[in-house]
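Heads up: the structure comes next, in structure tokens.
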Amino acid sequence: MTDPAFIVGLPKAELHLHIEGSLEPEQMFSFARRNRIDIPFPSVEELRAAYRFSRLQDFLDIYYQGASVLREEEDFHDLAMAYFARAHADGVVHAEIFFDPQTHTSRGVPFGTVADGLLAGMKAAEARFGITSRLILCFLRHLDEADAFATLDAAEPWFDRIAAVGLDSSELGHPPSKFARVFGAAADAGLRRVAHAGEEGPPDYVWQALDLLHVDRLDHGNRALEDPDLVTRLARSGMTLTVCPLSNLKLCVVDDVARHPIAAMLAKGLRATINSDDPAYFGGYVADNYRAIAPLVSRDQMVTLARNSFLGSFLDDAAVTRHLAAVDAFAGAC
Ligand code: HPA
Ligand code: ZN
């Protein structure tokens with residue numbers, strides 16, 4: 001099995017990380033104190049004990065409640081810096097992070113407070129740790145199309161600092177088709193597109209993400225494996241899948257990490273990557289996710305997963321080439 005030090009040392013990108021999902025319980029209490037906000041848990045231990053989920057919605061309920069302690073630009077800056085410090089310790093050299101503006105604007109926090117705080121944290125992390133990053137604006141799919149359009153409008157002054165739009169929150173009952181027009185408008189504005197699909201939703205939602213949202217990358221995608229034609233389409237097009245093993249375990253997408261389909265995905269020629277999703281809630285950052293699937297894949301496949309993380313990123317070709325050379329040099333030297 002791949003050595004844990006090799007996993008940490010392997011240069012890697014993280015492509016599926018909800019910054020609000022990196023809010024650790026201790027930090028939640030400290031932001032709550034700083035902003036004089038009540039949280040309905042008496043202690044960090046009791047909050048952590050509530051992190052037992054049997055499906056996506058159980059998690060989302062507590063995740064949105066947790067995000068309510070984030071109010072000021074400084075909170076978003078500090079949240080981002082804390083994530084980048086952990087990611088850096090795990091060997092992440094590039095991260096493309098999701099944020100959920102509607103979770104904040106619906107509480108009266110202006111879009112700019114969120115975006116400017118995160119962008120400041122991203123800049124500071126690059127100076128401190130050398131980690132490069134990109135920002136991805138996610139629409140909450142349980143809200144309606146008009147709300148997504150209003151969010152896209154609010155984001156316009158930041159379009160030069162936002163790499164892509166994404167789609168997250170409650171998947172079942174909220175198919176990608178609901179957002180085809182807003183994704184079309186984002187594309188017209190020059191933004192890339194990603195979407196969560198096939199986490200709990202059926203293969204048809206993955207087809208819709210491809211054909212109606214024209215995604216550049218697919219988040220999760222586990223249930224695509226149920227449809228051989230879809231697997232062929234994904235493999236032939238070189239679509240990147242941002243797979244999140246510990247999230248899959250915690251949200252009961254898989255019942256045992258030993259039965260996680262990562263090896264099957266690679267065997268079918270899918271460009272899978274490993275990511276942490278919501279690390280503060282799911283029990284680990286990116287290296288923990290690589291460690292979780294280490295018994296299922298070879299050392300060469302670990303290297304492939306790290307290579308895929310750069311191939312699937314929104315970095316330019318020269319940067320991708322540089323990172324791939326660093327992965328190969330590291331793997332060759334160990
Ligand atoms: N799925 C859908 N929405 C989310 C997730 C997820 O894993 N994490 C944060 N929002
Ligand atoms: Zn996610």
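One-based numbering, in listed order, for ligands and for the atoms of each.
Arg107 forms no cation-pi arrangement with Tyr64, by the criterion of a distance under 6.0 Å to the ring centre and an angle within 45° of the ring axis.
Taking 2.8 Å as the threshold, His220 does not count as a candidate ligand of the Zn ion (ligand 2), since none of its N, O or S atoms lies below it. Residue His16: an N/O/S atom is found under 2.8 Å from the Zn ion (ligand 2).
Per-residue contacts place Asp278 under 4.0 angstrom from the following atoms of ligand 1 (heavy atoms of the residue considered): 5 (C), 7 (O), 8 (N), 9 (C). Taking every heavy atom of His220 and a limit of under 4.0 angstrom, the matching atoms of ligand 1 come to 7 (O). Which parts of ligand 1 touch Glu199 is read off a 4.0 Å heavy-atom cut-off, strictly below it: atoms 1 (N), 2 (C), 6 (C), 7 (O). Near Leu56, meaning under 4.0 Å from one of its heavy atoms, ligand 1 places the atoms 1 (N), 2 (C), 6 (C).
Residue contact annotation: Phe59 has a non-hydrogen atom under 4.0 Å from ligand 1. The shell of residues lying under 4.0 angstrom from ligand 1, judged by heavy atoms, excludes Asp219. At a 4.0 Å cut-off, at least one heavy atom of Ser169 sits close enough to ligand 1 to count as contact.
Rounding to 10°, one obtains 90° for the angle at the Zn ion (ligand 2) between NE2 (His18) and NE2 (His196).
A donor and an acceptor atom, one from each side chain of Arg271 and Thr240, are located under 3.5 Å apart. Donor-acceptor pairing under 3.5 Å is lacking for the side chains of Ser276 and Asp278. A donor-acceptor contact under 3.5 angstrom links the side chains of Gln102 and Asp147, judged on distance only.
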Phe310 and His94: ring-ring contact (aromatic ring centres under 6.0 Å, His included), yes or no, with the steps?
CA-CA 8 Å; Phe310 296 109; His94 176 71; 7.4 Å; no
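Given atom 7 (O) of ligand 1, the protein heavy atom at minimum distance is Asp277 OD2, 2.8 Å. His18 CE1, 3.5 Å is the protein heavy atom nearest to atom 10 (N) of ligand 1.
Here the options are Leu17, Ile131, Leu23, Leu118, the test is side-chain contact (heavy atoms from CB on, under 4.5 Å), and the partner is Tyr83; only Leu17 passes.
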